[in-house]
Q: 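Can you keep this structure in mind? I'll have questions shortly.
Just so it is clear: chains get the letters A, B, ... in the order the sequence lines come, proteins before strands, and each one is counted from 1. Small disclaimer: the values here were computed from a predicted structure and weren't measured.
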Amino acid sequence: MLDIQALRNDLAGMAARLATRGFVLDTASFEKWEGIRKNIQTHAQELQAKRNATSKQIGFAKSKGEDVAGIMAEVATLGDELKQAEVLLAEVQSALQNLLEGLPNTPNENVPVGKSAADNVEVRKVGAKPSFDFAVRDHVSLGEGLGGLDFETAAKISGARFSLLKGGLARLHRALAQFMLDTHTDQHGYTEVYVPYLVNAASMRGTGQLPKFEEDLFKVGFGSPVQTLDAANTGQVASFYLIPTAEVPVTNMVRDEIVPLEKLPMKLVAHTPCFRSEAGSAGRDTRGMIRQHQFDKVELVQMVHPDESYVALEQLLGHAETILQKLGLHYRVVKLCTGDIGFSAAMTYDIEVWLPAQDTYREISSCSNFETFQARRMQARFRNAQGKPELLHTLNGSGLAVGRTLVAVLENNQLADGSVVIPEALRPYMGGLEVLRSLE
RNA sequence: GGAGAGGUGGCAGAGUGGUCGAAUGUACCUGACUCGAAAUCAGGCGUAGCGUAUUCCGUUACCGAGGGUUCGAAUCCCUCCCUCUCCGCCA
């Protein structure tokens, strides 16, 4: 969420910044609502002040045994008038709030201006493409050949966009997650956390998935008939959402908290499944395990002092890159342009791993600085040197997407006979196994 | 699932319709005393808004959440959420 003060003070400037990411801010509408809000709020508060003062008088008079009928008559109409004003104010404020929550973050000034992914800037390439003297197979072919990848059974059990791993591949998948967690905790100073996979609407709102991207989420209720968990509070029927990324539960750890200065930076890592409806991506990446309704990810999250957040972003990016380097995978780092960064982000780097079968780089990690955008929604603050609460900065990045890393390992390390060399870094997690061969 | 207790400021803990944004203790900050410290004494010490107003001024809201009763609600009523204790069930 953007700072409403910033919008009031420099509406044109904010609109210009949002325009760089292709978002048209309806300044007329904002100004209209702000004007209305100001009038109504001032009016409502005047009435409240009057009521408070009069009520005090009544109490005072009564305690002295005086007759209060006169004063009572005076405020007889005040109640209705006040109620009306309060209702109106609530409506206007919620309209403003909705408008505000629908605004994306302003890109940092160092983000390259562009319209689409085509304008993203390649920062560096690391490693080299592997060369093969045989026709490369994709991970589906390799996995099925190894007898460890079974989409048909997954489809029977659940449906499209699910996968089922067996034997060495299932273990490799687990090994990858373990390896990533160990690297980040032992070498990068992150604290491992285990978190809920079902979260409430307030958490989704905090990190920016709600209210705008509800269709991307899986929503769960109780068994039939659907019960309501917080119907009285919000009128909503839903009770929980499945997390689309560990970013949601982990970042929300600091929602409504004031973190002591000495606790910053907070560096947390979590391995969780992620659930995405993939609404709107029908037909894309239908083959294989690139785009699934359920996938595992090791997520890095940091809460930092505002002065440190861009240094932290580079570090976090480096932590994610370390995994690829240790696995010997070729990748490139891309800085997203203003037209391609996500709704909540102020700056984002994507890491794209080389996939020989697709002859292209595919996103395997996305590392972002959200500045105060999420913190403002969450009221996540720290106590600054002056002792005052101040919004902190939040960052996160995949370190890495486990499923896609598995794909990359399979495709990049394949041999002519369809077996796969296990990267050395993973062998301790594979019981020393060096080559993954067919189960049969 | 059954029965009971409870959610108040950083923490502890009073307050059951009126000058309560909230006693008191404790922690913390400032000052006095002291060579210095401890102890003691005095003062201060929440958050989010609004008013062209970070600091001074005025004002509103906030005692788990939402709604209601009332001129007036931390206090009464309703709904919900959460925590704790006992029983049952359970990985």
Q: Only counting residues at least two apart or in another chain, list the ones meeting side chain to side chain contact (heavy atoms under 4.5 Å, CB included) with S116(A).
A: A118(A), D119(A)

Q: Assign R376(A) to base, sugar-phosphate, or nothing according to its heavy-atom contacts below 4.0 angstrom with the strands shown.
A: nothing

Q: Pairs counted only when both distances fall under 3.5 Å, Watson-Crick or G-U: show me the 5' to 3' dot-bracket for RNA chain B, [ ] for pseudoknotted crossings and | for other-strand partners.
A: ((((((((.[[[..)..(.....]]].(((((.......))))).((((((.....)))))).[[[[[..)....]]]]])))))))....

Q: Cut-off 3.5 Å, no hydrogens considered: what does the side-chain donor-acceptor table look like for residues 248-266 of chain A, sequence neighbours left out?
A:
from: T251(A); atom 1: OG1; to: E247(A); atom 2: O; distance (Å): 2.6
from: N252(A); atom 1: OD1; to: R255(A); atom 2: NE; distance (Å): 2.8
from: N252(A); atom 1: ND2; to: S203(A); atom 2: O; distance (Å): 2.8
from: N252(A); atom 1: ND2; to: V248(A); atom 2: O; distance (Å): 2.8
from: R255(A); atom 1: NH2; to: S203(A); atom 2: OG; distance (Å): 2.8

Q: Can you pull the ring-ring contact (aromatic ring centres under 6.0 Å, His included) pairs that have at least one residue in residues 30-54 of chain A, sequence neighbours excluded?
A: none

Q: Return the residues of residues 259-266 of chain A meeting this criterion: a heavy atom under 4.0 Å from some atom of RNA chain B. Order them by number, or give none.
A: none

Q: With 3.5 Å as the limit, what N/O pairs link the protein to nucleotides 60-62 of chain B?
A:
from: U60(B); atom 1: OP1; to: N52(A); atom 2: ND2; distance (Å): 3.2
from: U60(B); atom 1: O3'; to: Q48(A); atom 2: OE1; distance (Å): 3.4
from: U60(B); atom 1: O2'; to: Q48(A); atom 2: OE1; distance (Å): 2.8
from: A61(B); atom 1: OP1; to: R51(A); atom 2: NH2; distance (Å): 2.9
from: A61(B); atom 1: OP2; to: N52(A); atom 2: ND2; distance (Å): 3.4

Q: For residues 286-307 of chain A, pull every pair meeting ring-ring contact (aromatic ring centres under 6.0 Å, His included), keeping only residues two or more places apart or in separate chains.
A: F162(A)-H293(A), F218(A)-H293(A), H305(A)-F382(A)

Q: Please enumerate all residues that pass side chain to side chain contact (heavy atoms under 4.5 Å, CB included) together with Q187(A), with sequence neighbours excluded.
A: T183(A), K326(A)

Q: Which residues pass the side chain to side chain contact (heavy atoms under 4.5 Å, CB included) test with R291(A), sequence neighbours left out?
A: R161(A), E278(A), S281(A), R284(A), D285(A), R362(A), R404(A)

Q: If a protein heavy atom is under 4.0 Å from the base, mark B; if only from the sugar-phosphate, S; if neither, -; do that for nucleotides 14-20 of chain B going 5' to 3'.
A: ----BB-

Q: State which residues pass side chain to side chain contact (heavy atoms under 4.5 Å, CB included) with Q5(A); sequence neighbours excluded, sorted by chain then number.
A: D3(A), R8(A), N9(A)

Q: Name the atoms and distances for all side-chain donor-acceptor pairs under 3.5 Å in residues 188-198 of chain A, with sequence neighbours left out.
A:
from: H188(A); atom 1: ND1; to: H184(A); atom 2: ND1; distance (Å): 3.0
from: Y190(A); atom 1: OH; to: Q302(A); atom 2: NE2; distance (Å): 2.9
from: Y190(A); atom 1: OH; to: H319(A); atom 2: ND1; distance (Å): 2.8

